[in-house]
Novice: 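What follows is a single structure, and I will ask about it in a moment.
Within every chain, numbering begins at 1; the chains are lettered A, B, ... in the order of the sequence lines, protein sequences first and strands thereafter. Computed from a predicted structure; not experimentally measured.
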Number of protein chains: 2
Amino acid sequence: MPKQNTYTMRDVARLAGVSVSTVSAVVNQKGIVSPELTERVQRAIEAMGFRPHAGARGLRLGRTHIIGMVLQDITNPFFVEVMRGVEDEAIKNGYEIIVCNSNGQAELEQKHLNALYTQRVDAILLAPCDSYAARDVMVGNHAPLVFMDCVPMRAEVLSVVTDNFAASFEATRYLLELGHRKIAVISGRGVHSTSMDRVEGFRHAMEEAHIPILGDHLRHGVSNIESGYEIGLSLLQSSDPPTAIFALNNRMTLGILQALRELKIPCPEQVSVLGFDDFDWAAVSDPPLSAIAQPTDEIGRRAVELALGAIRAGEEGAKVGNRQVLLKSSLRIRKSTGPPPKALGEKSHRTVKSETVTAPQS
Amino acid sequence: MPKQNTYTMRDVARLAGVSVSTVSAVVNQKGIVSPELTERVQRAIEAMGFRPHAGARGLRLGRTHIIGMVLQDITNPFFVEVMRGVEDEAIKNGYEIIVCNSNGQAELEQKHLNALYTQRVDAILLAPCDSYAARDVMVGNHAPLVFMDCVPMRAEVLSVVTDNFAASFEATRYLLELGHRKIAVISGRGVHSTSMDRVEGFRHAMEEAHIPILGDHLRHGVSNIESGYEIGLSLLQSSDPPTAIFALNNRMTLGILQALRELKIPCPEQVSVLGFDDFDWAAVSDPPLSAIAQPTDEIGRRAVELALGAIRAGEEGAKVGNRQVLLKSSLRIRKSTGPPPKALGEKSHRTVKSETVTAPQS
DNA sequence: TCATATCATCGAACCGTTTCGAACCTTGAT
DNA sequence: ATCAAGGTTCGAAACGGTTCGATGATATGA
């Protein structure tokens, strides 16, 4: 006996003394129903606590009003803020969202994508584990697919990302201006367009300044605290340690800070640290962290906008154009960055907020 | 033309030269189908990339295999970790989850609950804005409702919570043992059983030690950084400041740390800080934060277990028993707590992990 | 008074599954 | 050769909505 106190339109119709189609018309405010019947139907709905069955409606309409989302790492504040943006924009448009966590595992990601297709979600928002996703092929024909925080290799696609190249370029220039010459960069696995663009931005700025990148000052690890910590120790204990460390993701940044603390190396006096991704806690870390802030919730909102556009286009049989939305980041300078030890330049702590300048979108 | 390359069982049946019901039997591995037909059907499914339509199945079965979840604050790491536990356990049992963020607003929470009912989710997991929820009345008859991180006023209900009273009691005792006598407590709005239990645990420990609670040393604010910061300033600048501050939630803890930093008050030398809720970043705050850690993902997992049990019970027509799961927390002592200034007791920094002892569950 | 146009309401088919009883085909026993 | 039993396969109804063409009622004009 699965049906409990749940009523159907038929029940409402019976109570109101009208036909089912009239109830439907009232519920959806479609077609013309006399004020009298409208009144009667509404009263019946109220009395029974009737709510339409989304599944049945979805079956008939071919649209579920659900958007699926698969995130690489749900415990990372960056993705949580993106999710929040998605939530806001979705609810504003009458959509629910199903959230899945791929936990960095490509197979799990694929499993989730399949499950979302089974649910016949109207669109899928994906922050993938890597950029080599063949996923669009499998799923892209069934529902619009929007990539977040990643531009997949095959470019004919919808995506929303921060301009990582520009952000990294700008940040590196800032460190160079402070007088740093030995700058180390640590990044996660290089299978992600995001990581690659950030590394490229760094490279480009260094080349432009004609500063060589020391052999072991470009390190790859995995995006977690431990990896950051280990690479940090290794860098700082090397024979020729950097004067500044630029960590390309928030987890690894924390690892670096731990390594500094453990080695009792004063920051920023001896070594500066610059992080990618800003978050609440950055302000109370020791020292307060200078970092690149991405427009996280805007990423989420824009992704939903793209998805909704594609859904509408699909309904009208129109081809969905490929759109890459590119957003600006901003540099939040706090206390973890300053001039290198020997340099006698201006006193450290700037508090200006500079913004990377990029094309708004294409 | 909403249907694209999406095939139905009818299509599969036609291609395999069998009836729809046979396809269904194969898909669900139910009934007896000869090896030969099974083979043919599977080949057809493979060839067409067929996936059953969850909505249609749900309509027929009266079960969607979706669990709905409404969270008070999706940006709080505590709830994110709970969510992760929910995700893990749900996927393990073949359920999807719809996540909603009520953002602390009761009306929005209600809106989400209604939407989830419309979706006919099989169960609802709720971390409510306040404990005075009349929500179970509206929704509880349609689908099992499990409260997380909160025991609602009306007790005949399913819930999973940390034993907040015990946690707070234990933590207060720890501060008392260090020699503190002037302990201030700051908490969020008192509309939540969680807050209230924590305050009570504190009160109880103080009474037991026959230490009076100073008039303005019990403060209520809202659960965010700013509120913690303001209360922190006010406490620390008062004529008779506390030697220890016990913050009952993670947001306000950060505010306290900011206030200390701004006033240049050394912690823990002059004032100790103890937080509720542990998280990654706590270890790299300045100073590393002593805090009570809740078994976050276990809360999520147990909530799903309860929900699944209730779903099964409901199917068999059995009454769903009321169950309150009570979980243990643990005290993680780092560097932000130590003996009060004048006390000459043992050197600060203990690193023991003590666990609050409570009844495992009822 | 009758044909016609307009408007409100209704009935039934359909969306993609599951399920249950009926129909069919073997096989073995009489 | 006939029948019963047992095992596979099939057909059709149901789930709860939406939609479209048909129907009935009412008003309009000649």
Side-chain angles (χ1 to χ4, degrees), chain A residues 1-41 44-45 48-66 117-122 142 315, chain B residues 1-41 44-45 48-66 117-122 142 315:
Chain A
M1 185 167 285
K3 63 163 61 181
Q4 309 164 354
N5 341 20
T6 150
Y7 294 103
T8 76
M9 280 196 165
R10 245 173 288 279
D11 301 319
V12 174
R14 186 159 30 239
L15 181 60
V18 300
S19 77
V20 192
S21 35
T22 303
V23 177
S24 174
V26 170
V27 168
N28 302 306
Q29 306 176 26
K30 243 178 193 174
I32 307 152
V33 181
S34 68
E36 192 209 331
L37 286 202
T38 304
E39 171 72 17
R40 249 160 58 199
V41 170
I45 288 178
M48 308 178 103
F50 165 81
R51 302 245 149 208
H53 186 297
R57 172 182 281 171
L59 178 56
R60 181 67 233 255
L61 258 35
R63 306 236 273 98
T64 53
H65 272 253
I66 299 180
Y117 171 44
T118 292
Q119 292 289 346
R120 297 298 192 275
V121 296
D122 290 344
H142 304 301
E315 258 170 11
Chain B
M1 184 164 286
K3 61 164 61 180
Q4 308 163 352
N5 344 20
T6 152
Y7 294 103
T8 76
M9 281 197 166
R10 241 175 292 279
D11 300 319
V12 175
R14 186 158 30 235
L15 181 59
V18 300
S19 76
V20 191
S21 34
T22 302
V23 177
S24 175
V26 170
V27 169
N28 302 306
Q29 306 177 25
K30 244 178 192 173
I32 307 153
V33 181
S34 67
E36 192 209 331
L37 286 201
T38 304
E39 171 72 17
R40 248 159 60 198
V41 169
I45 289 178
M48 309 179 102
F50 165 81
R51 301 247 151 206
H53 186 297
R57 170 182 281 169
L59 176 58
R60 180 66 232 254
L61 257 35
R63 306 237 272 97
T64 53
H65 272 254
I66 299 180
Y117 171 43
T118 292
Q119 292 289 346
R120 297 299 192 277
V121 295
D122 291 344
H142 303 301
E315 258 170 11

Novice: Can you list, by residue number, the residues of residues 11-30 of chain A that have a non-hydrogen atom closer than 4.0 angstrom to DNA chain C?
Specialist: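 Within this stretch, A/V18, A/S19, A/S21, A/T22 sit under 4.0 Å of the strand.
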Novice: Expressed in angstrom and rounded to an integer, what is the separation of B/R63 atom CZ from D/dG16 atom P?
Specialist: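 So the two atoms are 15 Å apart, to the nearest Å.
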Novice: Has the side chain of A/R60 got a donor or acceptor atom sitting under 3.5 Å from an opposite partner on the base of D/dT18?
Specialist: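 When only heavy-atom distances are counted, A/R60 does reach the base of D/dT18 through a donor-acceptor pair under 3.5 Å.
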Novice: In whole angstrom, give the distance that lies between atom NE2 of B/H53 and atom C1' of D/dC15.
Specialist: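 Answer to the nearest Å: 13 Å.
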Novice: Hey, what do you get for CG (A/D122) to CD (A/E315), rounding to the nearest 0.5 Å?
Specialist: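 Reported value, rounded in 0.5 Å steps: 8.0 Å.
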Novice: To the nearest 0.5 Å, tell me how far B/H53 NE2 sits from A/T64 OG1.
Specialist: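 So the gap between those two atoms works out to 8.0 Å.
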Novice: Mind calculating the distance between CE (B/M9) and P (D/dA13) to the nearest angstrom?
Specialist: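 Taking CE of B/M9 and P of D/dA13, I get 19 Å after rounding.
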Novice: For the residue pair A/V20 and A/A13, what are the closest heavy atoms and their distance?
Specialist: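 So the minimum-distance heavy-atom pair works out to N-CB, 3.9 Å.
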Novice: Could you tell me the separation between the NZ atom of A/K30 and the OG atom of A/S21, rounded to the nearest 0.5 Å?
Specialist: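 OG of A/S21 is found 13.5 Å from NZ of A/K30.
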Novice: How close or far is atom P of C/dC15 from atom CG of A/L61, stated in whole angstroms?
Specialist: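 Going from A/L61 (CG) to C/dC15 (P), I get 13 Å.
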Novice: Closest approach to the side chain of B/T8, judged atom by atom: which nucleotide of D/dT18, D/dG17, C/dT17 is it?
Specialist: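 Shortest atom-to-atom distance from the side chain points to C/dT17.
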Novice: Take the protein atom CD1 of A/I32 and the nucleotide atom P of C/dC10, then report the distance between them rounded to whole Å.
Specialist: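 Going from CD1 in A/I32 over to P in C/dC10 covers 15 Å.
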Novice: Does any pair with a residue in residues 20-29 of chain A pass salt bridge (charged side-chain N to carboxylate O under 4.0 Å, His left out), and if so which ones, sequence neighbours excluded?
Specialist: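 Found none.
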Novice: When the distance from CE of A/M48 to C1' of D/dG16 is rounded to whole Å, what number comes out?
Specialist: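 The distance from CE of A/M48 to C1' of D/dG16 comes to 14 Å, rounded to the nearest Å.
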Novice: Starting the side chain at C-beta, find the nucleotide from C/dA8, C/dT17, D/dG16 nearest to A/S34.
Specialist: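 Selected nucleotide (nearest to the side chain): C/dA8.
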Novice: Nearest whole Å is fine: how far is D/dG11 P from B/R10 CZ?
Specialist: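 In whole Å, D/dG11 P and B/R10 CZ are 12 Å from each other.
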Novice: Quick check: closest heavy atoms across B/A16 and B/V41, and the distance to 0.1 Å?
Specialist: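 Minimum heavy-atom separation between B/A16 and B/V41: CB-CA, 4.0 Å.
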Novice: Please check if any side-chain donor atom of A/T22 sits under 3.5 Å from a side-chain acceptor atom of A/S19, or the reverse.
Specialist: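 Side chains of A/T22 and A/S19: pair found under 3.5 Å.
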Novice: B/R57 has an atom CZ; how far is it from atom C1' of C/dT19, in whole Å?
Specialist: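 Distance, rounded to whole Å: 13 Å.
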Novice: For the side chain of B/L59, counting heavy atoms from C-beta on, which of C/dT18, D/dG17, D/dC15 is nearest?
Specialist: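 Of the candidates, D/dC15 comes closest.
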Novice: If I take atom NE2 from residue B/H65 and atom OG1 from residue A/T118, how far apart are they, to the nearest 0.5 angstrom?
Specialist: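 OG1 of A/T118 is found 12.0 Å from NE2 of B/H65.
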Novice: Angle, rounded to 10°, between the helical axes spanning five pairs at each terminus of the helix from C/dT1-D/dA30 to C/dT30-D/dA1?
Specialist: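 It comes to 70° between the two terminal axes.
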Novice: Output the distance between atom CG (B/D11) and atom CD1 (B/I45), rounded to the nearest 0.5 Å.
Specialist: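 Spacing of CG (B/D11) from CD1 (B/I45) equals 12.0 Å.
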